Amino acid sequence: MSTHASSVDPLATLGALPGVADSVDSVRKAVDRVYGHRVMRRRSNEVTSEAALRGARGSAALSGADWALEEVRRRTDFGVEAEARTVGAALRLTAEAGQLLSIWRQSPLRVLARLHLVAAGGVGEDEAVGRPRLAGEAVDEPLIEAPLPDANEVTGRLDGLAELIITGSSAPALVTAAVVHGELLALRPFGSYNGLVARTAERIVLIGSGLDPKAICPAEVGHAEQGRAAYAAAFEGYLSGTPDGMAAWMAHCGRAVKLGVRESTAVCEALQRGAA
């Protein structure tokens with residue numbers, strides 16, 4: 001997607017694509033239903049915590065570390081094997097997302113740099129951590145096999161995306177979140193953990209927009225539940241840049257949010273029964 005600024009609001013234009021408005025409406029209704037659950041009146045913090053854990057598990061699964069929820073819950077060491085590092089990165093990112101909401105609209109590139117730093121576990125000895133890749137630097141990204149834009153294109157498109165976010169848009173939160181997610185997957189601006197960062201940025205948009213202010217609708221759960229093949233296929237639609245392809249990606253992201261809603265509704269029901 002071209003993200004260069006113009007007098008036209010490109011995100012609002014995408015929101016007008018056939019079928020997107022229906023997807024936005026169904027997501028809004030699903031979110032409203034879980035927020036209206038009686039458990040949310042007194043125990044919303046517990047639902048938020050559980051949603052964060054399940055969202056991190058789902059995001060890690062899409063990046064190749066498909067652990068059972070109880071394994072994620074009980075483990076404390078995430079610093080040795082590759083899969084453990086991926087799960088640890090996903091957990092850290094989910095925890096960090098809520099701390100970055102106030103910065104996102106003013107400085108999204110700063111937030112993205114911070115997310116990569118958090119995913120990588122700190123600066124360490126790698127000077128590439130926390131900054132977009134330079135020409136010739138390799139990218140390690142499971143699942144996404146699309147052609148890699150060069151460093152100059154990454155810089156230009158990141159600047160364009162940041163300008164869209166800072167300027168603001170009349171587009172629904174789902175549209176903005178889907179574009180941020182898709183663009184970061186397309187660019188893979190960092191040497192590692194791009195999928196985790198992209199899904200965390202989607203989470204930040206959904207929370208910060210007011211669609212999911214308590215972070216109880218983990219889209220990462222829904223992305224994982226639809227499967228890696230469906231995720232990759234929907235992303236191909238985004239990469240195509242065609243109206244149908246973009247609409248298909250947004251519909252996929254909408255289903256992910258609704259599946260996240262279903263997950264948290266089940267958590268609410270379990271809390272209500274005293275089983276959680």
Side-chain angles (χ1 to χ4, degrees), residues 1-5 9-15 17 20 23-24 27 55 58-59 62-63 90 93-94 96-116 118-119 132 141 144 146 149 153-190 193-213 215 217-220 222-223 231 234-235 237-239 241 245-257 260:
M1 173 193 174
S2 173
T3 56
H4 294 296
D9 181 346
L11 296 179
T13 301
L14 292 173
L17 290 173
V20 172
S23 184
V24 166
V27 166
S59 192
L62 286 171
S63 287
L93 285 171
T94 302
E96 187 76 7
Q99 311 303 313
L100 298 172
L101 295 173
S102 63
I103 306 171
W104 174 254
R105 283 294 300 271
Q106 285 73 44
S107 186
L109 298 185
R110 180 179 160 200
V111 169
L112 294 175
R114 174 64 184 168
L115 291 177
H116 188 242
V118 168
E141 190 56 49
I144 304 302
E153 183 178 352
V154 168
T155 299
R157 286 172 65 177
L158 280 178
D159 286 345
L161 183 63
E163 187 169 350
L164 281 180
I165 293 163
I166 293 167
T167 302
S169 171
S170 62
L174 177 65
V175 172
T176 303
V179 168
V180 167
H181 184 172
E183 192 70 358
L184 292 174
L185 280 186
L187 296 179
R188 281 148 290 160
F190 303 109
Y193 298 117
N194 288 289
L196 294 179
V197 168
R199 291 184 288 275
T200 305
E202 178 186 50
R203 165 182 279 265
I204 288 172
V205 173
L206 293 172
I207 298 168
S209 66
L211 177 65
D212 181 23
C217 306
E220 305 95 324
H223 287 303
Y231 183 74
F235 174 59
Y238 180 87
L239 282 179
M246 296 294 285
W249 171 247
M250 288 175 199
H252 181 91
C253 292
R255 287 191 295 273
V257 175

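The model shown is predicted, which means the values in this text are computed figures rather than measured ones.
Here the closest heavy-atom approach between residue A12 and residue A171 is recorded as N-CB, 3.7 Å. Annotation for A251 and S23: closest pair CA-OG, 4.0 Å, computed over non-hydrogen atoms. Scanning both residues, E183 and Y238, for their nearest heavy atoms gives OE1-OH, 2.5 Å. Across all non-hydrogen atoms, the minimal contact from P189 to V154 is CB-CG1, 3.8 Å. When all heavy atoms of A219 and A256 are compared, the closest pair comes out as O-CB, 3.5 Å. When every heavy atom of G195 is checked against every heavy atom of E141, the shortest pair comes out as N-OE2, 3.1 Å.
Atom CG of L115 and atom CZ of R110 lie 12.0 Å apart (nearest 0.5 Å). Taken from OG1 in T176 to CG in L206, the straight-line distance is 9.5 Å, to the nearest 0.5 Å. Note that CD1 of I144 is 11.5 Å distant from CG of L184, once rounded to the nearest 0.5 Å. With values rounded to the nearest 0.5 angstrom, S59 atom OG is found 8.5 Å from H223 atom NE2. Interatomic distance, I204 CD1 to D212 CG, rounded to the nearest 0.5 Å: 13.0 Å.
L211 places a side-chain heavy atom less than 4.5 Å from the side chain of V27. Side-chain contact between L164 and P10: present, with at least one pair of heavy atoms (C-beta onward) separated by less than 4.5 Å. Between P132 and L158, the closest side-chain pair of non-hydrogen atoms falls below 4.5 Å. Between L17 and L14 there is a side-chain heavy-atom pair separated by less than 4.5 Å. Contact annotation: the side chain of H181 approaches that of L185 to within less than 4.5 Å [non-hydrogen atoms, C-beta and beyond].
The ring-ring contact (aromatic ring centres under 6.0 Å, His included) test applied to F235 returns no partner, not counting sequence neighbours. Applying the salt bridge (Lys or Arg N to Asp or Glu O under 4.0 Å) rule to R188 yields no partners; only residues at least two apart in sequence or on another chain are considered. For P172, the side-chain contact (heavy atoms from CB on, under 4.5 Å) partners two or more places apart in sequence, or in a different chain, are V24, V175. For T155, the side-chain contact (heavy atoms from CB on, under 4.5 Å) partners are D159, not counting sequence neighbours. A113 is linked by a side-chain contact (heavy atoms from CB on, under 4.5 Å) to nothing, counting only residues two or more places apart in sequence or in another chain. For Y193, the side chain to side chain donor-acceptor pair (under 3.5 Å) criterion is met by no residue, not counting sequence neighbours. Here S169 pairs with D9 under the side chain to side chain donor-acceptor pair (under 3.5 Å) rule; sequence neighbours left out. The side-chain contact (heavy atoms from CB on, under 4.5 Å) test applied to A234 returns W249, H252, not counting sequence neighbours.
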Using atom types as modelled, flag every donor-acceptor pair under 3.5 Å from a side chain in residues 96-106 to any protein atom, sequence neighbours excluded.
| residue | atom | partner | partner atom | Å |
| --- | --- | --- | --- | --- |
| E96 | OE2 | R114 | NE | 2.9 |
| E96 | OE2 | R114 | NH2 | 3.3 |
| R105 | NE | I165 | O | 2.9 |

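The aromatic rings of F190 and H116 lie parallel to each other, with less than 30° between the two planes, well short of the 60° mark.
Pairs of residues two or more places apart, or lying in two chains, that qualify as salt bridge (Lys or Arg N to Asp or Glu O under 4.0 Å) and include a residue from residues 193-211 are R203-E220.
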